[in-house]
Amino acid sequence: MDKKALIEKINKLKKEKNAIILAHCYQNIEIDLVADFVGDSLGLSQLASKTNADKIIFAGVYFMAETAKILNPAKKVYLPNISGCDMADMINLKQIKNFKADNPDTPVVCYINSTAAVKSECDICCTSSNAIEVVRSLKSDKVLFVPDKYLANWVEKNLKNVKITAYQGYCPTHYKISANDILNKKKEYPYAIVLSHPECKNEVTEISDFVGSTTQMMEYCKKSKEKEFIIATELGVAQRLQRDYADKKIIPISKNIFCPSMKENSLEDILYTLENENNEVKVDENIAKKAINCIDRMLKIM
Ligand code: 13P
Ligand code: SF4
């Protein structure tokens, strides 16, 4: 089937089934052609909490679909390919329980990149776009943060008088970006502004001009009067910026910085899922009842 026919078929089925397609900015860029919303983790969870659709096709990774299901227990949520987030999978229920037991009487913040089971053990959730505000909202001088140690370090640097004890997880994709990669690109493009994601190592965020979530980086480029930007995050962000701002020079940090799990979905997979309703995502009721508290608490302060 050619691309035009594929898109028409997907759009027709979406209407018939009252389904929406939510896509993360790291997905293959062709997914944007059929998505109802493309954004970062915060935007996607906010939209998932408000939708009137009966069915949600999530073009993203497992924790995102799980979050949408927890927010919409009566709706059906599908993941065209069952692909997980390597960082989220670095901590499980037993490990979060042990981490809490080792550090008692301390509020626990979990990055949204975590499983429902881990969320069920935490006080509040955050995304990369609101992590500083979320930790600040706890009004505590000590906080536990799981699973991303680099996001935790970045938050701690941006808040005075909060001691964050971080679980030692990280994103293997962002981990590949080094300060040398940035400095080498800067030699080639000395006037370029460096934007990086807070999942990057500290040596990267420390030498960046702006650090923010996927959507915050895109907004920064949109509003900036500058013309050249080095984009230190997953390739999908630079590709979308190149598509949307042809008048600006967008420099991906490397074509090799992509998240394999995020790149699994194709338009064919989306059509298959709409037709066959495969890979429905379900969350254990008891876990969901506990996990929703920490997601709701985050959504309320945004
Ligand atoms: P954001 O969507 O918050 O930018 O996070 C990036 C990411 O790695 C999602 O898995
Ligand atoms: Fe997880 Fe990293 Fe992939 Fe995001 S980019 S889904 S944090 S492995």
CD (Glu156) and CG (Leu159) are apart, to the nearest 0.5 Å, by 8.5 Å

Report yes or no: do Asn265 and Asn81 form a side-chain donor-acceptor pair below 3.5 Å?
-> yes

Compare every heavy atom of Cys85 with every heavy atom of Val61, then report the nearest pair and how far apart it is.
-> CG2-CB, 4.0 Å

Between atom OG of Ser120 and atom NZ of Lys289, what is the distance when rounded to the nearest 0.5 Å?
-> 13.0 Å

List the steps, then state whether side-chain contact (heavy atoms from CB on, under 4.5 Å) holds for Thr233 with Ile257.
-> CA-CA 7 Å; Thr233 187; Ile257 301 297; over 6 Å; no

Heavy-atom check, side chain of Glu234 versus side chain of Glu199, under 4.5 Å | no

What pair of heavy atoms forms the shortest contact from Asp89 to Gly84, and how long is it?
-> OD2-CA, 4.2 Å

Would you please test Lys227 and Tyr191 for side-chain contact (heavy atoms from CB on, under 4.5 Å) and show each step?
-> CA-CA 9 Å; Lys227 290 289 177 204; Tyr191 301 111; over 6 Å; no

Is the side chain of Lys69 donor-acceptor paired with the backbone N or O of Pro73 at a distance under 3.5 Å, no angle test?
-> yes

Donor-acceptor under 3.5 Å (Asp296 side chain, Asn293 main chain) = no

Is it possible for you to say whether Leu151 and Ile96 belong to one hydrophobic cluster, with membership spreading through side-chain heavy-atom contacts below 4.5 Å?
-> no

Step through the shown structure and confirm whether more than 12 heavy atoms of other residues, nucleotides or ligands are within 6.0 Å of CD on Glu188.
-> yes

If you link ILVMFWY side chains whenever their heavy atoms are less than 4.5 Å apart, which other residues fall into the same cluster as Val38? By chain and number, please.
-> none

Looking at Ile124, Leu138, Leu144, which hits side chain to side chain contact (heavy atoms under 4.5 Å, CB included) with Pro107?
-> Leu138

Considering all heavy atoms, the nearest Asp123-Thr106 contact = OD2-O, 4.4 Å

Using a cut-off of 6.0 Å, state whether more than 12 heavy atoms not belonging to Tyr272 lie near its atom OH.
-> no

Main-chain N/O of Ala5 paired to Asp2 side chain as donor or acceptor, under 3.5 Å | yes

Among the clusters formed by ILVMFWY side chains lying less than 4.5 Å apart, do Leu271 and Ile82 turn up in the same one?
-> no

Name of the residue among Leu183, Asn202, Val194 meeting side chain to side chain contact (heavy atoms under 4.5 Å, CB included) with Ile207 | Leu183

Return yes when atom CG of Asp105 has more than 12 non-hydrogen atoms of other residues, nucleotides or ligands closer than 6.0 Å, and no otherwise.
-> no

Flag the pair Val162 / Val143 as yes when at least one side-chain heavy-atom distance between them is below 4.5 Å, and no otherwise.
-> yes

Near Phe210 CZ, under 6.0 Å, is it more than 12 heavy atoms from other residues, nucleotides or ligands?
-> yes

Would Leu42 and Met87 show up in the same hydrophobic cluster when neighbours are defined by side-chain heavy atoms closer than 4.5 Å?
-> yes

Hey, is CG on Asn161 packed in by over 12 heavy atoms from elsewhere, all under 6.0 Å?
-> no

Min side-chain heavy-atom separation Asp181-Ser254 under 4.5 Å | no

Taking the side chain from Lys14 and the backbone from Val34, do they hold a donor-acceptor pair closer than 3.5 Å?
-> yes

Within a strict 4.5 Å, meaning less than it, do heavy atoms of the Tyr220 and Phe229 side chains meet?
-> yes

Side-chain H-bond candidate by donor/acceptor type, Tyr62 with Ser261, under 3.5 Å = no

Can you tell me how far CD1 of Ile56 sits from CG of Leu79, rounded to the nearest 0.5 angstrom?
-> 12.0 Å

Check the side chains of Ser196 and Ser208 for a donor-acceptor pair under 3.5 angstrom, ignoring hydrogens and angles.
-> yes

Could you please spell out the steps behind the salt bridge (Lys or Arg N to Asp or Glu O under 4.0 Å) verdict for Glu228 and Lys185?
-> CA-CA 11 Å; Glu228 291 186 353; Lys185 282 281 181 226; over 6 Å; no

Could you check if a side-chain atom of Cys126 sits within less than 4.5 angstrom of a side-chain atom of Ile132, using non-hydrogen atoms only?
-> no

If you round to the nearest 0.5 Å, how far is OG1 of Thr215 from CG of Leu44?
-> 7.5 Å

Rounded to the nearest 0.5 Å, how far apart are OH of Tyr78 and CD1 of Ile270?
-> 13.5 Å

Closest non-hydrogen atoms of Met298 and Ser45, given as atom of the first, atom of the second and distance, are CE-OG, 4.0 Å

So, does Lys119 use its side chain to make a donor-acceptor pair with the main chain of Ser114 at under 3.5 Å?
-> yes

Shortest non-hydrogen contact between Gln242 and Pro252, atoms and distance | NE2-CD, 3.8 Å

Considering non-hydrogen atoms only, spot the tightest contact between Ala166 and Phe99 and give its length.
-> C-CZ, 3.8 Å

Look only at the side chain of Thr51 and the backbone of Ala48, and say whether a donor-acceptor pair between them is shorter than 3.5 Å.
-> no

Worked check of salt bridge (Lys or Arg N to Asp or Glu O under 4.0 Å) between Lys17 and Glu277 | CA-CA 11 Å; Lys17 298 196 170 194; Glu277 304 200 8; 2.9 Å; yes

Are Ser213 and Asp40 close enough that a side-chain donor and a side-chain acceptor fall under 3.5 Å?
-> yes

Yes or no on side-chain contact (heavy atoms from CB on, under 4.5 Å) for Ile21 and Ile10, after CA distance, side-chain angles and deciding distance?
-> CA-CA 10 Å; Ile21 299 172; Ile10 290 173; 3.7 Å; yes

Which of Arg243, Gln27, Gln239 passes side-chain hydrogen bond (donor to acceptor under 3.5 Å, both in side chains) with Asp32? Answer is Arg243

Determine, step by step, whether Glu8 and Lys4 satisfy the salt bridge (Lys or Arg N to Asp or Glu O under 4.0 Å) criterion, reporting the C-alpha distance in whole Å, the side-chain angles of both residues, the deciding distance to 0.1 Å, and the verdict.
-> CA-CA 6 Å; Glu8 276 172 12; Lys4 192 165 167 266; 3.6 Å; yes

Could you state whether Ile164 and Val211 fall into the same hydrophobic cluster, counting links through intermediate Ile, Leu, Val, Met, Phe, Trp or Tyr residues with side-chain heavy atoms under 4.5 angstrom apart?
-> yes

Indicate yes or no for a side-chain donor-acceptor contact from Tyr167 to the backbone of Met90 under 3.5 Å, with no hydrogens or angles considered.
-> yes

Mind telling me whether Tyr26 and His174 have parallel, tilted or perpendicular rings, with 30° and 60° as the class edges?
-> tilted

Test side-chain contact (heavy atoms from CB on, under 4.5 Å) on Lys142 and Thr165 and set out the steps.
-> CA-CA 8 Å; Lys142 54 175 187 166; Thr165 304; over 6 Å; no

Lys76 atom NZ, neighbour heavy-atom count above 12 within 6.0 Å = no

Enumerate the residue pairs fulfilling ring-ring contact (aromatic ring centres under 6.0 Å, His included) with a member in residues 130-161, sequence neighbours excluded, ordered by first and then second residue.
-> none

When rounded to the nearest 0.5 Å, the distance separating OG1 of Thr115 from CD of Glu121 is 10.0 Å

Check whether any side-chain heavy atom of Ile295 sits under 4.5 Å from a side-chain heavy atom of Ser49, and report yes or no.
-> no

Is it the case that Asn113 and Asp148 place a side-chain donor and acceptor less than 3.5 Å from each other?
-> no

Report yes or no: do Val204 and Ile193 belong to one cluster of Ile/Leu/Val/Met/Phe/Trp/Tyr joined by side chain heavy-atom distances under 4.5 Å?
-> no

